[in-house]
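Every chain is numbered from 1 and lettered A, B, ... according to where its sequence line falls, protein lines coming before strand lines. Being a predicted model, the structure only gives us computed values, none of them experimental. Side chains are part of it too, since the values below use all heavy atoms of this structure and drop only hydrogens, waters and symmetry mates.
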Amino acid sequence: MQPGPTLEIAIDTSNGATILAPKGDVDMARSPLMRKAITESLQKKPTALVLDLSGVPYMDSSGLATMVEALQNARKGQTPLKLCGLTVRVKSILEIARLNTVFTIFENREQALQG
Amino acid sequence: MQPGPTLEIAIDTSNGATILAPKGDVDMARSPLMRKAITESLQKKPTALVLDLSGVPYMDSSGLATMVEALQNARKGQTPLKLCGLTVRVKSILEIARLNTVFTIFENREQALQG
Amino acid sequence: MTERFHDPAIHLQILSRPELLAPVRALVNTMAMHEGLDDLAACHLILAMDEALTNVIRHGYDGDPNGRIWISVRALLEGAGLQVVIEDRARTVDPDALQGRDLEDIRPGGLGMHLMRTLVDRFEHAPRTEGGMRVVLEKRATPHPAAAAT
Amino acid sequence: MTERFHDPAIHLQILSRPELLAPVRALVNTMAMHEGLDDLAACHLILAMDEALTNVIRHGYDGDPNGRIWISVRALLEGAGLQVVIEDRARTVDPDALQGRDLEDIRPGGLGMHLMRTLVDRFEHAPRTEGGMRVVLEKRATPHPAAAAT
Ligand SMILES: Nc1ncnc2c1ncn2[C@@H]1O[C@H](COP(=O)(O)OP(=O)(O)O)[C@@H](O)[C@H]1O
Ligand SMILES: Nc1ncnc2c1ncn2[C@@H]1O[C@H](COP(=O)(O)OP(=O)(O)O)[C@@H](O)[C@H]1O
């Protein structure tokens with residue numbers, strides 16, 4: 001009866017690209033839900049996958065691991081993976097994990113779709 | 001060494017009226033700070049005292065008590081007391097305490113200053 | 001009664017200090033949203049809890065900052081909702097004597113008892129056999145469900 | 001050591017469940033801001049705590065949802081800051097064996113140990129004499145103050 005962890009993820013498309021916009025903390029309880037959404041999106045072979053993180057106030061190493069795995073799988077399928085909309089906290093977390101140079105990061109969704 | 005409770009309260013004036021805009025939860029730890037700011041403002045005999053509560057996500061009965069006391073003191077000094085910018089949660093709390101009809105409530109600061 | 005609840009997922013012990021109300025509200029608010037309460041229902045539960053804690057700090061422990069308060073939080077088994085139990089070793093009082101005031105009588109203070117009774121689906125206030133008081137608060141996602149007995 | 005700290009203002013006991021990480025983060029984040037940490041410092045403390053708890057849940061209790069974890073939170077006496085102590089009765093491990101991986105080696109996972117060491121001003125990981133492990137995390141408002149000894 002206990003409702004499980006939920007992570008609302010808005011899915012949009014634009015010119016063949018898929019944009020995933022999770023809303024909420026991405027932690028050990030919620031990262032499997034983000035992982036599932038990313039895997040399903042990559043299987044559909046979009047022209048690009050954009051993770052819009054403007055609705056993510058916090059992320060822990062399980063969220064980072066999910067994004068690193070996403071990057072590796074995207075590369076295998078030759079799908080560009082782009083991040084955008086990083087909150088101050090998430091930006092800082094990526095920097096401390098030294099992952100800020102590993103990902104392609106844009107200010108906002110529009111720039112990610114163009115870049 | 002332990003920093004005490006703080007409640008940031010922005011103070012503005014407009015045509016002789018004073019506007020107090022606290023930022024944060026007004027609970028047992030913080031309501032004495034709001035009480036102090038209100039008392040000091042009323043002593044200066046403004047043409048009206050506006051409490052802009054748009055930065056208050058939550059208030060408990062000590063905050064409500066502070067506002068009821070403010071209303072009584074304002075009436076004694078014939079200073080109109082006006083509330084505005086109530087968040088959904090604070091509006092609901094005022095209703096449950098049946099204080100929503102006791103106070104003069106406006107949508108926003110501009111309407112409070114005109115009304 | 002026990003079979004109506006999950007294990008208490010969280011037990012807290014706090015000192016009787018007003019500055020600890022905000023952190024405890026943040027914890028219970030997050031659990032409440034996770035357990036399916038909507039924003040206002042979560043707000044009403046944490047307000048009822050806040051009023052109970054404020055009374056323990058102010059009236060029970062008379063402002064002593066080193067009193068202990070125990071809070072346990074668990075999910076309700078039937079349908080979405082949360083139970084919060086607050087216990088202290090402060091003054092033992094007769095719950096019937098704590099009626100709170102009539103709301104028509106507009107004056108500062110004396111709102112806490114009324115709010116607690118109004119805000120949650122179950123409110124109990126009782127002396128503990130070990131001394132002190134116990135307050136039980138329950139809030140359901142859909143208030144007062146008819147299916148409570150199933 | 002005790003004279004360096006205020007009483008633990010809050011003791012928590014939680015079950016080893018991922019869905020309890022968010023409520024505990026909300027509590028400690030609120031306390032951290034109250035104790036004078038800025039937004040990023042508070043974020044870094046709760047991330048370090050989150051990583052420690054995640055390791056206890058995943059590696060210590062091997063995913064058993066009924067393991068117990070104790071968390072105590074207290075203010076630092078000298079200057080603004082917070083101490084969080086996490087204890088479990090799970091697997092006892094040699095802290096020296098938990099080095100984490102080199103960050104240059106980009107792959108999913110293995111970041112937790114590195115993050116904990118980087119994010120706080122004091123990080124200790126030690127077996128408890130009663131069994132299980134203890135993690136101590138401290139974060140100051142002004143990191144590494146020279147006046148720590150006064
Ligand atoms: N835990 C308690 N211990 C002793 N007395 C209490 C306790 N809780 C409430 N009371 C008494 O009940 C009265 C009504 O409480 P309440 O409605 O919360 O209003 P307030 O606290 O603003 O006076 C209090 O004034 C106090 O005398
Ligand atoms: N509390 C613990 N109990 C047992 N083993 C642990 C514990 N914490 C960490 N470890 C071990 O240390 C390794 C490194 O931990 P960490 O850097 O957090 O990465 P990850 O958990 O992603 O593998 C883990 O894979 C695990 O083998």
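Around the CZ atom of Arg89(C), the shell of radius 6.0 Å holds no more than 12 heavy atoms that belong to other residues, nucleotides or ligands.
Contacts between Asn66(D) and chain C at a heavy-atom distance below 4.5 Å involve the side chain alone, from C-beta outward.
With hydrogens and angles disregarded, no donor-acceptor distance shorter than 3.5 Å links the side chain of Arg25(D) to the backbone of Ile46(D). Ser72(D) places no side-chain N or O within 3.5 Å of a backbone atom of His11(D) that could act as its donor or acceptor partner. Checking side-chain atoms of Asp88(D) against main-chain N and O of Val56(D) turns up no donor-acceptor pair under 3.5 Å.
In terms of non-hydrogen atom pairs under 4.5 Å with chain C, the most contact-rich of Leu27(D), Ile71(D), Ile10(D), Leu12(D) is Leu27(D). Top candidate by heavy-atom pairs under 4.5 Å with chain D, chosen from Val28(C), Val24(C), Leu20(C), is Leu20(C).
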